[in-house]
Amino acid sequence: MQINKLSWSDFQLLNGKLLEHYDFTNQMREEINNKTNKVIDLDEVKSIDVLELVPHVLGDVEYEKQVINAPLNVFHFMQIEGYIETSVNVAVMNLQQLSGKEKKGQHTI
């Protein structure tokens, strides 16, 4: 199997693994279902396109529990988890720094 097929398979599997790991599966479903009537048109994306995408997004997180335990082919779960958590930490740090500058009257562009 080619590396792109293996990595594609990993990313499909990661949807469920990450939602389960962070315990967001049900919350995500509820949030998407509760917000579908509040979708607005943007220049780049029309609301109808978003609404047509919703079933596909929800379908991506429909899985059997034993599938969640399947091993990844290219990546290790800890690599992905570390990447996500590091990215979030860096983003929070940058936002805090920006917030501190704005409070001191130093606006950034």
Side-chain angles (χ1 to χ4, degrees):
M1 200 182 264
Q2 292 179 343
I3 192 78
N4 0 352
K5 288 182 182 180
L6 290 173
S7 60
W8 177 257
S9 172
D10 276 5
F11 282 107
Q12 282 185 306
L13 184 55
L14 275 167
N15 288 334
K17 282 184 175 286
L18 290 168
L19 287 169
E20 287 291 317
H21 178 74
Y22 292 107
D23 196 27
F24 281 129
T25 305
N26 291 329
Q27 180 182 352
M28 189 208 67
R29 282 189 191 112
E30 289 171 13
E31 289 295 323
I32 289 174
N33 284 323
N34 291 336
K35 304 290 189 220
T36 54
N37 62 344
K38 299 176 184 176
V39 177
I40 61 170
D41 284 333
L42 301 174
D43 290 338
E44 300 84 7
V45 181
K46 302 299 177 204
S47 60
I48 189 70
D49 296 330
V50 173
L51 294 174
E52 289 174 358
L53 182 66
V54 168
H56 300 285
V57 172
L58 293 174
D60 275 356
V61 296
E62 293 295 325
Y63 47 82
E64 296 179 21
K65 292 294 179 183
Q66 70 265 21
V67 172
I68 295 302
N69 297 321
L72 299 172
N73 296 298
V74 177
F75 304 100
H76 294 281
F77 184 79
M78 287 179 58
Q79 287 176 297
I80 303 301
E81 177 188 27
Y83 174 79
I84 290 170
E85 292 182 4
T86 299
S87 298
V88 168
N89 289 336
V90 169
V92 167
M93 182 181 67
N94 287 334
L95 289 170
Q96 288 172 335
Q97 287 176 347
L98 285 173
S99 176
K101 287 180 182 177
E102 288 181 9
K103 287 180 183 175
K104 296 176 185 173
Q106 301 174 357
H107 297 288
T108 57
I109 297 178

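The structure displayed is predicted, hence computed values, not measured ones. Sequence positions, counted from 1, serve as the residue numbers for this chain.
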Practice task
Check the side chains of Gln27 and Tyr22 for a donor-acceptor pair under 3.5 angstrom, ignoring hydrogens and angles.
Solution key: no

Practice task
Return yes when atom CG of Asn94 has more than 12 non-hydrogen atoms of other residues, nucleotides or ligands closer than 6.0 Å, and no otherwise.
Solution key: yes

Exercise for the section: Indicate yes or no for a side-chain donor-acceptor contact from Ser7 to the backbone of Asn4 under 3.5 Å, with no hydrogens or angles considered. Expected result: yes

Handout entry: Within-4.5 Å side-chain heavy-atom neighbours: Ile40 and Ser47
Key = no

Fill in the blank from the handout: CG of Asn15 to CG of Asp10, rounded to nearest 0.5 Å, is 11.5 Å

Problem - Donor-acceptor pair, side chain of Ser9 and main chain of Lys5, under 3.5 angstrom - result: no

Practice task
Kindly compute the distance separating CD1 (Ile84) from NE2 (His21), expressed to the nearest 0.5 Å.
Solution key: 8.5 Å

Completion exercise
side chain to side chain contact (heavy atoms under 4.5 Å, CB included) with Lys17: of Asn69, Ile68, Val67, only one passes, and it is Ile68

Practice task
Examine Leu53 and Leu58 and state if one hydrophobic cluster contains both, with Ile, Leu, Val, Met, Phe, Trp and Tyr joined whenever side-chain heavy atoms are less than 4.5 Å apart.
Solution key: yes

Problem - Connected via hydrophobic side-chain network under 4.5 Å: Ile3 and Leu14 - result: yes

Handout entry: Any side-chain heavy-atom pair of Leu72 and Gln79 under 4.5 Å
Key = no

Fill in the blank from the handout: When rounded to the nearest 0.5 Å, the distance separating CD of Glu85 from CD1 of Ile80 is 12.0 Å

Completion exercise
CH2 of Trp8 to CG of Asn73, rounded to nearest 0.5 Å, is 14.5 Å

Problem - Side chain to side chain, Met93 and Asn89, heavy atoms closer than 4.5 Å - result: no

